[in-house]
Amino acid sequence: MEIKNSRWITVSKDTGDIAPIFRRVFAAEKAVEKAELTITALGVYEAELNGRRVGDFVLAPGWTSYQHRLQVQTYDVTDLLQAENDLRVTVGRGWFRSPMPGWIDGEDKRRRYGQPCGLIARLAIRFSDGSEETIQTEQDWQWAESPVRFSEIYNGERYDARIEPDAWQPVKPLDWPKDILIPQEGEIVRETERVAARRIFRTPLGETVVDFGQEVTGYVEFTVQAKAGDQIQFTHGEVLDADGNFYNANYRGAKALVEYTCREGAQTWHPRLTFFGFRYIKPISWPVEPHADQFTAVAVHSDLKRTGWLKSGNAELNQLFSNVVWGQRSNFLDVPTDCPQRDERLGWTGDAQAFIKTASYFFDVEKFFKKWLHDMAADQYESGEVGQVIPDVMPKDGSGSAAWGDAATICPWQVYQTYGNKAVLNDQFDSMKKWVDYITAATTMKDLWTGHFHFGDWLGLDAPSGSYKGSSREDFIATAFYAHSTELVVKAGKLLEKDMAEYETLHDRIVAAFRRTFPEYKTQTEHVLAVHFNLCEDRQKTADALAEMVKADGTQLRTGFVGTPYLLHVLSEYGHAELAWDLLLRREYPGWLYPVTKGATTVWEHWDGIKEDGAFWSPDMNSYNHYAYGAVADWVFEQAAGLGHAEDKPGFSELIYAPHPDPRIGWLQAKLDTRRGTVSALWVCGADGVRYELQTPVRTSVFLDGKAWSVEPGRYTFWTSSEQ
Ligand code: BGC
């Protein structure tokens with residue numbers, strides 16, 4: 001990488017919270033054939049050449065495990081070049097220097113916060129006469145204070161539009177490794193949609209609030225006519241309280257504040273070096289009476305290609321689908337995060353493994369996850385343990401958890417399953433195996449996973465009072481995932497033509513030990529895992545028992561992060577599709593449609609984030625944009641619409657079509673752009689039966705009405721005279 005010939009540069013004195021701007025002025029007097037800027041920073045940067053923005057990557061260089069891997073971006077800047085040039089780069093704290101995570105203090109966090117900002121760049125110009133010139137970050141660059149007076153992930157951005165950088169000073173070389181530099185691996189983070197303010201109103205408390213009608217991640221762009229020195233200040237929120245007042249206590253330590261000092265005249269601005277998760281903003285200070293048309297929410301996230309669509313005859317279900325998609329969009333900002341608003345916004349491994357299948361249906365996430373998994377491998381402990389969050393910014397106390405660390409096996413396997421490309425398994429195999437080896441070495445009882453910290457069935461509704469952990473036994477969950485991960489290592493290893501005999505034996509032993517130790521299943525989640533991971537002796541019997549338990553619980557789910565993603569699958573795969581539909585269509589708490597009835601535009605962390613009477617869950621953990629329970633959408637694609645594939649036909653190279661229609665929603669349409677072409681399926685329930693329309697680009701096994709047969713690629717219509 002030629003950029004390694006450039007030097008890391010930094011400021012010559014501490015600027016505190018103020019983001020520096022670096023510059024290099026140079027001439028390019030001959031006709032230019034091509035000019036390319038290769039660049040990255042310690043922090044997040046935005047570059048401009050002759051006053052014009054370079055590229056459209058927001059929050060570059062993205063978020064990686066910076067001590068091991070830092071992405072470098074390359075931009076074609078041929079059209080921006082002139083005879084006299086001024087290249088400027090503003091560098092904000094970004095993920096690199098923000099104090100993350102917000103709610104934990106510690107030495108490591110303080111060290112990261114204290115790190116220097118840095119820039120490394122190389123501009124390669126090829127002139128039409130064949131000659132070349134290279135401009136590299138060196139001591140001949142300069143820096144000044146930028147108008148960005150403060151920028152940080154959780155707390156927001158402060159900008160003084162009156163400031164024109166001056167007092168340029170020479171930069172200092174920075175001693176920072178270059179072997180961490182890697183070419184851009186992930187998707188580009190871009191502005192993907194502009195959402196106009198829907199209304200502006202005064203709350204009962206007399207505060208002015210702007211409502212965008214949709215929770216998004218990104219920032220607000222505003223236009224204002226002002227006098228130099230006028231102050232603008234606004235903060236962000238996701239919901240209104242029971243009285244209709246602005247609320248954001250659930251952001252916890254994250255101030256999510258924008259402060260802007262106006263210059264004279266008309267101006268349009270938005271933050272550039274941070275982001276927020278929000279549906280509402282509350283202007284705290286504003287020059288004159290604000291109007292809705294002054295505000296636009298700009299959605300920012302990894303620019304993934306959309307590949308999956310769901311639509312039904314039920315408006316609330318359609319809103320749920322929209323909420324899941326927005327939940328993904330707003331939490332796939334370079335890293336799969338738990339939530340985009342409070343003082344977390346972290347790559348929680350448990351959430352990612354729960355949601356990845358749904359994610360891979362709605363959008364093409366192959367590249368996105370490959371990058372994140374490389375970070376996981378880079379951050380994995382020597383012992384093989386996987387941290388709670390990736391990039392791992394947690395205190396290094398080695399407290400990975402079952403179902404969280406298992407993202408190391410589940411995520412690569414799912415990427416392979418959806419896209420059919422073994423490369424991800426090849427890349428991750430060592431990491432997958434190390435995770436299983438870690439458990440084998442760490443457990444206190446052979447062939448089980450015991451004696452370790454776990455998050456349990458996080459947020460399970462059967463939790464004892466005062467606990468976030470459902471009642472499912474932690475050793476049960478841990479051992480079930482140990483078995484599952486070992487099985488995935490075996491499958492991956494075999495595909496890579498490795499001898500997996502040792503791990504096959506290990507898997508057999510874990511299953512035997514599991515059966516001996518846990519002859520009975522006590523909770524919904526325990527039943528779900530025993531069936532879904534093929535651990536119980538009689539899956540049908542166990543699924544039937546689960547169905548009985550769900551009914552005895554009032555036809556309500558009690559599962560948390562661990563059991564919920566598989567719950568409906570287990571029910572419908574073993575003859576309880578109607579019950580699965582009952583759960584999905586439930587409009588009361590707890591159920592997927594309850595938040596929809598409360599106006600949700602993304603998926604909530606808690607089923608009752610807003611209770612019937614409008615009261616909130618406690619602010620200490622109440623996000624309105626947590627994708628984990630949105631994982632139900634993969635059930636809708638696979639079981640409800642019926643589009644699946646066998647494990648040995650990854651990438652939908654052959655299709656299984658086995659829909660489970662339900663007259664309550666009238667009709668359901670699913671479309672998937674697979675690597676083999678577009679698959680679409682529709683069923684419509686009518687008075688005398690169900691009509692099915694299937695378009696398939698591959699050979700397909702059809703299961704309808706208790707019969708099975710195969711069809712070649714094409715378009716088909718089928719009828720059944722009674723619903724299943
Ligand atoms: C996060 C979760 C995460 C959990 C760990 C929470 O604070 O927001 O989504 O998985 O901690 O149990």
Side-chain angles (χ1 to χ4, degrees), residues 100-106 109 153-154 215 217 238 248-254 256 277 323-324 327-328 330-333 335-356 358-359 372 376 379 385-395 397-408 410-411 452-464 466-472 474 477-478 481 525 559-565 595 602-609 616-632:
M100 302 180 78
W103 76 102
I104 299 176
D105 204 15
K109 173 168 151 183
I153 297 293
Y154 298 133
E215 167 134 358
T217 294
E238 296 180 285
N248 71 357
N250 64 326
Y251 284 43
R252 304 195 308 209
N323 295 358
V324 177
Q328 176 167 1
S330 40
N331 279 297
F332 276 44
L333 202 169
V335 161
T337 55
D338 56 335
C339 59
Q341 75 299 80
R342 70 180 178 219
D343 54 358
E344 299 212 34
R345 313 188 193 180
L346 301 169
W348 280 98
T349 47
D351 307 44
Q353 64 80 20
F355 188 66
I356 185 171
T358 287
W372 185 67
M376 179 182 289
D379 274 346
E385 186 163 22
V386 174
Q388 300 172 352
V389 301
I390 300 295
D392 195 350
V393 293
M394 289 300 222
D397 60 357
S399 52
S401 160
W404 270 248
D406 295 282
I410 292 171
C411 293
H452 197 278
F453 164 83
H454 295 295
F455 290 117
D457 188 18
W458 189 245
L459 304 188
L461 296 180
D462 50 7
S467 171
Y468 286 141
K469 298 181 184 180
S471 288
S472 301
E474 290 185 20
I477 295 173
F481 274 86
T525 288
T559 49
F561 272 37
V562 166
T564 308
T602 38
V603 175
W604 295 353
E605 181 173 26
H606 300 277
W607 303 104
D608 57 345
F616 293 135
W617 232 84
S618 126
D620 59 56
M621 222 185 59
N622 192 17
S623 146
Y624 294 95
N625 198 352
H626 241 68
Y627 55 53
Y629 292 147
V632 73

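In each ligand, atom 1 is the first atom listed, and ligand 1 is the first ligand listed.
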Check your understanding: Which atoms of ligand 1 sit under 4.0 Å from any heavy atom of Glu605?
Key -> 8 (O)
Point to revise | Distance from atom 11 (O) of ligand 1 to nearest protein heavy atom, with residue and atom | key: Trp348 CZ2, 3.6 Å
Point to revise | Close-contact set for ligand 1 against His626 heavy atoms, below 4.0 Å | key: 1 (C), 2 (C), 8 (O), 9 (O)
Study note, to complete from the structure: Of Thr337, Thr349, Leu346, Asp351, the one whose closest heavy atom lies nearest atom 2 (C) of ligand 1 is Asp351
Check your understanding: Please state which protein non-hydrogen atom is closest to atom 4 (C) of ligand 1 and give its distance, to 0.1 Å?
Key -> Trp458 NE1, 3.6 Å
Review point. Can you tell me if Arg342 has a non-hydrogen atom under 4.0 Å from ligand 1?
Key: yes
Check your understanding: Has the side chain of His626 got a donor or acceptor atom that lies under 3.5 Å from a matching backbone atom of Asp338?
Key -> yes
Review point. In the protein, what heavy atom is nearest to atom 1 (C) of ligand 1, and what distance, to one decimal place, separates them?
Key: Asp338 OD2, 3.4 Å
Check your understanding: Would you say the side-chain atoms of Trp103 pair up with the backbone N or O of Asp343, donor to acceptor, closer than 3.5 Å?
Key -> no
Check your understanding: Just wondering, do Val393 and Lys109 contact through their side chains at under 4.5 Å, heavy atoms?
Key -> no
**Study point:** Pairwise distance OH(Tyr629) to CG(Asp351) - rounded to 0.5 angstrom
**Key:** 10.0 Å
Revision key, fill the gap. Atom 7 (O) of ligand 1 has as its nearest protein heavy atom Glu344 OE2, 2.6 Å
Review point. Heavy atoms, side chains only, cut-off 4.5 Å: are Asn323 and Pro595 in contact?
Key: no
Point to revise | Plane angle bin for Trp404 and Phe455 - parallel if under 30°, tilted between 30 and 60°, otherwise perpendicular | key: tilted
Exercise for review: Can you spot which of Gln341, Glu344, Glu605, Glu238 makes a side-chain hydrogen bond (donor to acceptor under 3.5 Å, both in side chains) with Ser623?
Suggested key: Gln341
Practice item. With heavy atoms under 4.0 Å as the rule, classify the contact between Tyr468 and ligand 1 as side chain, backbone, both or neither. Key: neither
